Structure formats: C-alpha cells, structure tokens
Amino acid sequence: MEKNETSSSVDDKPRPWQSYHTVYTNAKAGMEGVDKEKVQRIVYEMSKGSKYFENEEKKEALMREKVENMRARCAKLSAAELSHYQTLADRRILELEATRDLSRTWLHVDMDAFYAAVETLSNPSLKGKPMAVGGMSMISTANYEARRFGVRAAMPGFIARKLCPELIFVPTDFKKYIYYSDLTRKVFQRYDPNFVAASLDEAYLDITEACRERGVAGGEIAEELRTSVYEETGLTCSAGVGPNRLLAKVCSDINKPNGQFVLPNDRMAVMTFISSLPIRKIGGIGKVTEHILRDVFEIKTCEDMLQKSGLLYALFSRSSTDFFLSVGLGIGKSDAPEVRSRKSISSERTFSATDDEALLFQKLGKWPFDLQSCHSNYFAADIAEMLCNDMQKEGLSGRTLTLKLKTASFEVRSRAVTLQNYICSSEDILKYATKLLKAELPVSLRLIGLRVSHFNDTKDAAPSDPGQKTLNGFIVSGDVSRKVLSNQTTSLNLDVSDQHFVDKVEINFSVDSREDCGTRDPSGDNHMEDLDEHLCTSDNIMEVENNDGTLCNKVADKANIGDMVQHNREPQQTEILQSEEAGSPLQVQVERSSPSTASKVHPDTDATCSSKQEDQLFWVDGYKCSLCGIEMPPNFVDERQEHSDFHLAERLQKEESSVRSRTLMPRQRVDQKDLITSHSSRRKKHKPSPKEGKHIPIDMFFVKSNQNF
DNA sequence: TCTAATAGACATC
DNA sequence: TGGGGGATGTCTATTAGA
C-alpha cells in the first residue's frame with residue numbers, strides 16, 4: 001500500500017528505494033543538508049537482493065500488518081466507546097498533570113561525535129576530513145564531515161564507503177574513550193556528585209542545588225560546564241537544560257554540536273515547546289512506534305498525543321498510554337533515579353553464516369580439555385566461556401539461560417530455560433546452551449548469543465552501568481581482544497562513574513556471593529548434582545564418575561562409555577528406534593548399558609559386533625565421526641549418541657533396502673527413501689513455538705526421563 | 001485468577 | 001567480492017501450573 005504510494009512521483013519514474021525505510025536517512029545532528037533521496041537510493045541499491053534486505057522487507061510487511069490491524073480496531077470502536085475512553089483519558093491526563101514537577105533543573109550533556117572527536121584529538125591530521133570509527137561491517141560514530149555525506153552511526157562500513165569514497169576508517173580504541181570519558185565525568189561530578197552516566201558520552205545532572213547555591217540559572221551552569229569540559233579534555237559537548245530528564249535530553253539535541261538549549265521551568269514554556277516537537281525526538285519512540293502513531297492516528301507531534309488521547313487509551317496498554325500522555329504533557333522523571341541492579345548479562349557473536357553443526361557447537365563453547373593440537377579452530381570463539389568470565393567478574397549467578405540465534409536470513413530467535421538452581425560456571429552454561437541449540441538443529445546461523453538472568457540475589461548484584469555495557473559491546477565488535485576487554489572493564493570499574501555507583505549502592509562483591517556461584521543453591525541442596533544423576537542414570541556409570549577426579553575425565557569417560565556402548569547396540573536396534581518414536585530419550589537407554597560390557601570394547605579397536613567393519617562408527621582422534629567426518633567433542637554425549645543412532649538407522653535401512661530392492665518396483669523404492677528422510681528429519685527437528693506449547697524446562701525433562709526408567 | 005515462564009519486538013547507546 | 005554489531009532493558013502476548 002505504502003509502496004504504491006511512494007513508488008511513483010511527479011515525473012512518474014519508479015523510486016522503489018523510497019519505500020525502503022532505514023534509520024540511515026533519519027535526521028541526526030550534522031545531517032541537515034544531506035541529500036536524503038540520494039542516500040536512500042544508494043542504501044537501497046546496495047541492499048536489495050541481500051538476505052538482510054529480504055528480512056527488512058519482512059519486518060516492513062509485519063509493521064504494515066500491525067498498522068492495518070490497529071486501524072481495523074479503531075474503525076470498530078463505536079461512538080459510545082470512544083466517548084467512554086475519552087473520559088478515561090481526560091481523567092488520566094488530569095492525574096498525570098498533578099504529578100508535574102517544575103521544581104528541579106536537569107542538565108543533559110552529550111559529547112559531540114565522541115569517539116570520532118577523541119580519535120581526531122589523538123591524530124590531528126584527521127581534522128576536517130570525513131572519518132568514521134568502526135570497520136567495514138559496522139561503524140560506531142562518524143564525524144560531522146562524514147555526516148554531510150549521509151554517513152552515520154550504526155551504518156555498515158561498506159555502505160558508508162559507497163556514500164563517501166574518501167571516508168577514513170579508524171578502528172575503535174576504547175582505552176582512549178574511557179580515558180576521556182573519565183575526564184568529562186570528573187567535571188560532571190563538580191556540578192552533581194550523583195550525576196547519572198547514561199553511557200560513555202552522555203550524562204544527566206541534577207543541577208538544582210548548584211543553581212540555588214550559586215544563584216545562577218541553568219543556562220549559566222551549562223555554559224560553564226561545557227567550557228570546563230573543553231578546557232580539560234579538548235572535546236566539545238552539547239547540553240540541554242529542562243525541568244526533567246526527558247526534556248533535558250531533547251533539548252541537548254537542539255543546538256548540536258557545541259551548543260545548548262534551555263527550556264524554562266514553566267508550564268506554558270513546556271507546553272509550547274512540546275506542541276510542535278516531532279514524536280521521534282522523544283527517547284523511547286523509535287522507528288516502529290513512530291510509524292504506528294503516524295499511520296494509524298496521524299500523530300506527528302507530541303501535542304497530537306493529547307488530541308488523540310481517547311484513541312490511545314482505547315488501543316494501547318495502560319503503561320504505553322501513560323507514557324504517550326506524559327509525552328504529550330512534557331512530563332518526565334525529575335526525581336533522583338533509583339539505582340537499578342543489573343537484570344541480565346549476555347554475550348553474543350556474529351560470524352559468517354554456517355549450518356555446520358560441529359562449528360556451531362564450537363562457537364558456543366570449547367571442550368573442557370586441550371584439543372588444540374587436534375584442531376586449532378576449536379578455540380576461535382567461546383561464548384559460554386566469555387559469559388562465564390563476565391559473570392564471575394561481577395559475582396553473578398543466575399537461573400535462566402537464554403540462547404539467542406540469528407539465522408542466515410536474519411531472523412532472530414530466542415530459547416530459554418529456567419533452572420531450579422543458579423549457575424555461573426562455563427560448564428553449566430555450555431551444558432544447557434548445548435541442549436537449547438540442539439533442539440534448533442538443523443539451522444544455518446550467523447549469530448549465537450547467551451544471556452543469563454534471574455540472578456541469585458538481585459539486591460547485591462552490581463548496578464548496571466550503561467557505560468560499561470556499551471563498552472563491552474563495542475570492544476568486542478571493534479576487534480579488540482578479550483584480554484583488552486578484561487583490562488578495560490577492570491579499569492572502568494575503577495573510574496569516576498563507578499565510584500559514583502558504588503557510593504550509592506554499597507555493592508557487596510563479597511566472597512560469599514562468589515561462593516554461591518556454581519552448582520549450589522541457597523538451600524544448600526545441590527540440584528546440579530542431582531541433575532547429573534538424571535543425566536546419567538546408570539548407577540555403575542555414576543560410580544565410575546564419582547571415583548574420578550576431574551571434570552574433564554568425567555566427561556571423557558561418559559563420552560567413551562557412550563561410544564563404546566554404541567558398538568554393542570546392534571542387537572537392541574529395534575527397541576531403540578521404538579523407544580525413540582515413543583519420545584523416550586535415547587541417551588538414557590544407551591547409558592544404562594552395562595559398563596562392564598562397554599569396558600570390553602574399545603571404540604578404536606572394536607570389530608566384534610559389526611557385520612561390516614566399514615559401516616561402524618567410531619570417533620577418530622576422539623572427536624571425528626569415522627563415517628561422515630562430522631566433528632563432535634566427547635562431552636557432547638547426547639549429540640554423539642544421536643549421531644550414532646542416525647548412522648545406525650541409516651545402515652539398517654540401507655541393509656533392508658538392499659534386500660527389498662530385489663523384489664520392489666522402482667516406485668516403491670522411492671517411497672522407502674521418503675520414509676527414511678521423513679523419519680530422519682523428524683528426529684532432528686524440534687522447534688517449539690509459543691503456539692505449540694512451552695519448552696519443558698531442561699531439568700524437568702531429565703527428572704521426567706529418570707522417572708520413566 | 002494470579003503468577004511465572006517463554007518468546008518476540010522494540011528501543012537505546 | 002561480500003560484507004549489515006553488541007549489551008541491556010522494557011513491554012506485550014501467550015501459555016501453563018498453582
């Protein structure tokens with residue numbers, strides 16, 4: 001619909017790029033004179049046909065659907081209903097108006113093109129030249145010279161280079177940014193010791209007391225602060241002064257760069273300011289919300305929110321409506337923000353899309369013993385380990401693990417499991433993450449992420465520092481090694497902002513909190529150990545494990561037993577396949593096999609129970625399938641078991657087919673093949689959806705499994 | 001009916 | 001030539017279990 005509207009214009013030439021909505025053409029400071037149509041066309045030309053583009057189109061279609069649904073709901077509202085909702089909305093507006101606080105003065109400081117400015121400071125030859133901080137895949141910041149070409153943050157480097165061929169790319173260097181950020185924060189602290197750092201380059205200051213003590217207006221303080229920042233860092237910043245944080249932030253953007261804007265603490269002034277303010281300028285209203293509000297309700301400015309308050313009240317949730325109406329009134333938070341503790345911690349990596357299952361598992365976590373000599377790539381990435389490191393640095397343990405996946409077609413999925421006990425070790429994270437990932441296979445992925453939430457004791461958890469979270473993300477994307485990350489994070493922990501947080505929260509990173517990490521839950525019961533029992537239901541196997549010292553050996557033993565048993569499974573084949581059809585976990589059957597039998601057979605030497613030696617599966621060098629070459633580490637017990645089962649079923653089918661082929665007609669042979677394929681794909685694929693029902697929590701799954709036996 | 005868990009979407013820097 | 005980030009929080013819808 002919108003496509004049709006925009007695909008032709010005055011001269012009737014098709015302009016398909018006009019319907020490709022990207023953030024890249026949005027107004028941003030320094031982009032006022034940009035030829036938007038040119039930028040849009042180049043971005044479109046470079047994007048079309050790509051998987052990313054296709055996904056964007058899908059998202060666009062979904063958004064249109066949302067708009068249509070909402071329009072339909074609007075149309076269904078009767079006059080009586082509308083009047084009812086208008087009454088409710090009017091009442092709510094009065095309630096919100098009563099909360100308006102004009103007694104405080106907030107200052108929002110935003111450093112101008114911070115990373116780019118710091119880079120120019122340390123390399124003056126960049127001055128006056130278009131420059132971007134980042135790389136070919138993504139840029140973090142562009143200086144104002146580059147912005148004139150349409151280059152901006154969050155734009156892929158290769159598109160930026162197309163827009164501005166002379167663009168200079170500078171890699172991110174967070175040590176520098178943290179150093180300069182610390183300098184700015186030292187200035188901020190002089191005006192508000194409890195300032196709120198929103199990121200490395202942004203902060204909110206309550207300057208009410210500073211203004212009162214010195215008998216000056218907010219604008220004067222802003223001017224003085226900006227001068228101090230420049231004198232002490234050589235960097236410019238912009239500032240906004242207003243009665244609350246929401247307005248102060250909007251104000252700081254008005255005279256960017258190196259400027260400021262003061263909104264008086266006066267209701268009329270606020271309402272006038274708000275009346276023509278585009279909704280997109282408000283923090284919290286992004287591309288999608290703007291689109292919906294504009295296309296469904298014709299809301300373009302903040303004032304329009306009040307005009308359409310009845311409809312908003314009718315169609316949005318209470319919290320969304322409250323937010324929209326507050327925006328319409330220019331009301332924001334003006335009290336000291338409560339210190340929020342961190343709610344989750346995560347780590348994710350983007351890589352070249354692959355459906356190589358071994359590779360995907362490898363991205364998730366490394367094997368718990370040294371295989372470097374076997375396969376150097378196994379240490380290329382290790383998300384579980386990185387997450388574990390980050391958690392340990394902050395003394396966190398949590399009981400919900402979420403696996404995030406981005407498919408080759410840019411579709412984002414998440415799969416979560418909530419455990420009965422808290423985890424923080426990389427082994428535990430890897431164990432559950434592997435289960436979650438396994439259930440998604442086969443799949444081609446370009447990103448894997450892990451997040452831990454539901455922390456052990458949120459009261460004692462570290463407060464979230466937006467500066468740090470940003471830092472983590474960019475350091476990793478900026479080709480900086482984990483070692484650097486570690487150092488920098490440590491350094492940041494000691495910087496001004498964090499002292500500031502520490503002052504406020506009295507965080508306790510005591511040994512106790514670390515002791516809570518791992519497999520022990522607050523009650524003192526060790527559910528994780530229980531779970532291990534469920535995982536490995538053979539008492540005999542447990543004996544072997546309990547007598548064993550290290551985890552590595554435990555895992556390896558488990559795996560070997562699985563491998564060994566595999567070679568003895570031929571007589572049980574019918575039972576195994578039936579069991580699987582019934583939904584029973586195959587691994588349990590296998591692991592219940594007698595270790596004494598297993599111990600007689602070595603995977604590499606077994607030749608006793610196969611009719612055909614060449615069809616036998618064993619793990620070359622302990623990790624590579626002898627039949628198809630797929631690589632799976634020994635601690636991937638279940639995966640290896642399933643893999644073995646697959647080959648076993650395949651072989652049986654082959655043998656059966658070869659017998660039948662002597663008597664079957666060609667068509668019947670095809671049917672047989674279909675049968676195998678469908679069976680095989682059914683066993684591999686399990687992709688639960690909200691509609692289909694919930695994931696069984698993993699620990700519950702194993703408890704149930706155990707009960708079955 | 002309330003609550004917790006899950007999944008996806010959206011937003012920010 | 002191909003190449004489109006990472007960390008975190010909030011909200012909403014849906015579902016299942018207590």
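This one's a predicted model, so the numbers in the text were calculated from it and none came from an experiment. Protein chains get the first letters and strands the later ones, always in sequence-line order, with residue 1 at the start of each.
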Closest of B/dT6, B/dC13, C/dA7 to the A/K249 side chain is B/dC13
Taking C/dA7, B/dA9, C/dT10 as options, the one with an atom nearest any side-chain atom of A/K343 is C/dT10
Does A/E45 come within less than 4.0 Å of A/K162, counting only side-chain N to carboxylate O? no
Comparing nearest nucleotides in DNA chain C, the 5'-proximal residue of the pair A/G157, A/I345 is A/G157
Atom CE of A/M391 and atom C1' of C/dA7 are separated, to the nearest Å, by 15 Å
Taken to the nearest whole Å, CZ/A/F316 to C1'/B/dA9 is 14 Å
Of the candidates B/dC13, C/dG3, C/dA7, the side chain of A/S199 sits closest to B/dC13
Per atom distances to the A/R280 side chain, the nearest of C/dT8, C/dG3, B/dT12 is B/dT12
Next on the checklist: Counting distance alone, no hydrogens or angles: does the base of C/dG4 have a donor or acceptor under 3.5 Å from a partner atom on the side chain of A/S47?
Outcome noted: yes
Does A/R342 make a side-chain N or O approach to OP1 or OP2 of C/dT8 shorter than 4.0 Å? yes
(request) Indicate, with a heavy-atom threshold strictly under 4.0 Å, whether A/L401 touches base, sugar-phosphate, or nothing. (result) nothing
Of the listed C/dT10, B/dC10, C/dG5, the closest approach to the A/K406 side chain comes from C/dG5
May I ask you to say whether A/E411 pairs ionically with A/R413, meaning some side-chain N is under 4.0 Å from a carboxylate O?
yes
| request: Determine: side-chain N/O of A/R318 to OP1/OP2 of C/dC11, distance under 4.0 Å, yes or no. | output: no
Of B/dA5, B/dA11, C/dG4, the nucleotide closest to the side chain of A/H454 is B/dA5
Got a salt bridge between A/R185 and A/D182, using NZ or NE/NH1/NH2 to carboxylate O under 4.0 Å?
-> no
In whole angstrom, give me the gap between the P atoms of B/dC13 and C/dG4.
24 Å
query = For the residue pair A/Y204 and A/H108, does the interplanar ring angle fall in the parallel (under 30°), tilted (30 to 60°) or perpendicular (over 60°) class?
reply = tilted
To the nearest angstrom, the NZ-P distance between A/K333 and C/dG9 comes to 15 Å
A/S344 has its side chain closest, among C/dG6, C/dG9, B/dC10, to C/dG9
Margin query: With a 4.0 Å cutoff (strictly under), does any side-chain N or O of A/S346 reach OP1 or OP2 of C/dT8?
Written below: yes
Are A/T400 and A/T418 close enough that a side-chain donor and a side-chain acceptor fall under 3.5 Å?
-> yes
* **SB check A/K176 A/D173 (cutoff 4.0 Å)** => yes
- Query: Within the structure, does a side-chain N or O atom of A/R446 lie under 4.0 Å from either OP1 or OP2 of C/dG4?
  - Reply: yes
Rounded to whole Å, CG of A/L450 lies from P of B/dA7 at a distance of 14 Å
DNA chain B nearest-nucleotide lookup for A/G284 and A/T400: closer to the 5′ end is A/T400
Rounded to whole Å, CG of A/L403 lies from P of B/dT6 at a distance of 13 Å
Query - C/dT10 phosphate, OP1 or OP2, under 4.0 Å from A/R340 side-chain N/O - result: yes
From CD of A/E348 across to C1' of C/dG9 the rounded distance in Å is 14 Å
Quick note, A/S319 side chain, CB onward, closest among B/dG8, C/dT10, C/dC11 is C/dC11
Closest of C/dG4, B/dC10, B/dC13 to the A/P156 side chain is C/dG4
Comparing nearest nucleotides in DNA chain B, the 5'-proximal residue of the pair A/V288, A/S414 is A/S414
Which of C/dA7, B/dC10, B/dG8 is nearest the side chain of A/K66? It is B/dC10
> Sub-3.5 Å donor-acceptor pair from the side chain of A/N143 to the main-chain atoms of A/V133, do we have one?
Replying inline: no
To the nearest angstrom, the CZ-C1' distance between A/R161 and C/dG4 comes to 14 Å
Next on the checklist: Counting only side-chain nitrogens and oxygens, does A/T289 get under 4.0 Å of the OP1 or OP2 atom of B/dC10?
Outcome noted: no
Q) If you look at every strand shown and take non-hydrogen atoms under 4.0 Å, does A/M46 touch a base, only sugar-phosphate, or nothing? A) base
From CD of A/E45 across to C1' of C/dG2 the rounded distance in Å is 17 Å
5'-most contact on DNA chain C (nearest-nucleotide basis), A/S320 vs A/F410, goes to A/F410
